[in-house]
Amino acid sequence: ERLASYKGGLVAVAPFAGAVVEAVLSPTLSVSAAESGCAAICLLAGGPPWLKQRLGANRVRLTEAVQALAWQTGEAEGRPCVKERELGDWAAAIQDLLGEHLPLPDPDDAFPSGENEGTTDEEEGGRDD
């Protein structure tokens, strides 16, 4: 995580992105190691598009693994638990950063072309005032 956050660090860490992913997916990972791995994945997601795509292929598995660790931590330490919430935040960050984002619809395109053109309120069954 620390190396990836330095200027030029992404280039040094990118070849090991698969190892970071596998570490986060490990069922025996400690909470602090999971948080560091999640931070590294989030930093790597801001790298080149090919790297984000490679990480994105594991998005669901990563999110589920971090959520499972968060649940286990909450069960072990009692709820509410700060570590559980932090891991939940990391899972949400991974989901958001590695997910596909659809463009927001243009409000000017409320009606697809051709719909409601040349009609009046009366023809559409509008209110009679």
Side-chain angles (χ1 to χ4, degrees):
E1 169 202 1
R2 187 169 291 164
L3 181 59
S5 66
Y6 291 128
K7 183 177 181 179
L10 287 178
V11 175
V13 177
F16 304 101
V20 174
V21 168
E22 290 304 315
V24 172
L25 293 175
S26 172
T28 59
L29 193 65
S30 70
V31 172
S32 60
E35 289 176 336
S36 293
C38 290
I41 288 169
C42 289
L43 288 167
L44 290 167
W50 64 266
L51 182 55
K52 182 177 178 178
Q53 183 179 11
R54 182 175 168 196
L55 291 169
N58 294 295
R59 176 180 53 89
V60 173
R61 290 176 53 213
L62 286 165
T63 303
E64 289 176 351
V66 176
Q67 287 173 338
L69 181 58
W71 177 260
Q72 292 169 359
T73 303
E75 288 288 308
E77 295 187 11
R79 292 194 170 88
C81 172
V82 173
K83 291 179 183 178
E84 179 184 24
R85 282 182 285 175
E86 288 174 351
L87 286 168
D89 291 343
W90 280 118
I94 288 171
Q95 181 72 19
D96 186 45
L97 291 171
L98 298 181
E100 294 294 324
H101 298 283
L102 300 175
L104 294 174
D106 187 356
D108 294 335
D109 292 339
F111 297 105
S113 63
E115 280 189 31
N116 295 334
E117 288 183 8
T119 61
T120 64
D121 285 343
E122 292 175 7
E123 293 172 350
E124 292 179 4
R127 293 187 332 201
D128 291 333
D129 290 307

Leu98, Leu97, Asp96 screened by side-chain contact (heavy atoms from CB on, under 4.5 Å) with Cys42, the one that passes: Leu97

Gap separating the SG atom of Cys38 from the CG atom of Leu43, nearest 0.5 angstrom: 11.5 Å

CG on Leu69 to CD on Glu84, rounded to 0.5 Å: 10.0 Å

Minimum heavy-atom distance Ala17-Leu55, with the two atoms named: CB-CD2, 4.2 Å

Sequence neighbours left out, cut at 3.5 Å: what donor-acceptor pairs do the side chains of residues 60-68 make with other protein atoms?
from	atom 1	to	atom 2	distance (Å)
Arg61	NH1	Asn58	OD1	3.0
Thr63	OG1	Arg59	O	2.8
Thr63	OG1	Gln95	OE1	3.1

Between CG on residue Leu29 and CD on residue Glu22, distance to nearest 0.5 Å: 11.5 Å

CZ on Arg54 to CH2 on Trp50, rounded to 0.5 Å: 6.5 Å

Nearest-0.5 Å distance that lies between atom CD1 in Ile41 and atom CG in Leu51: 10.5 Å

Residue pair Ala34 / Leu87: nearest heavy atoms and the distance that separates them: CB-CD2, 4.2 Å

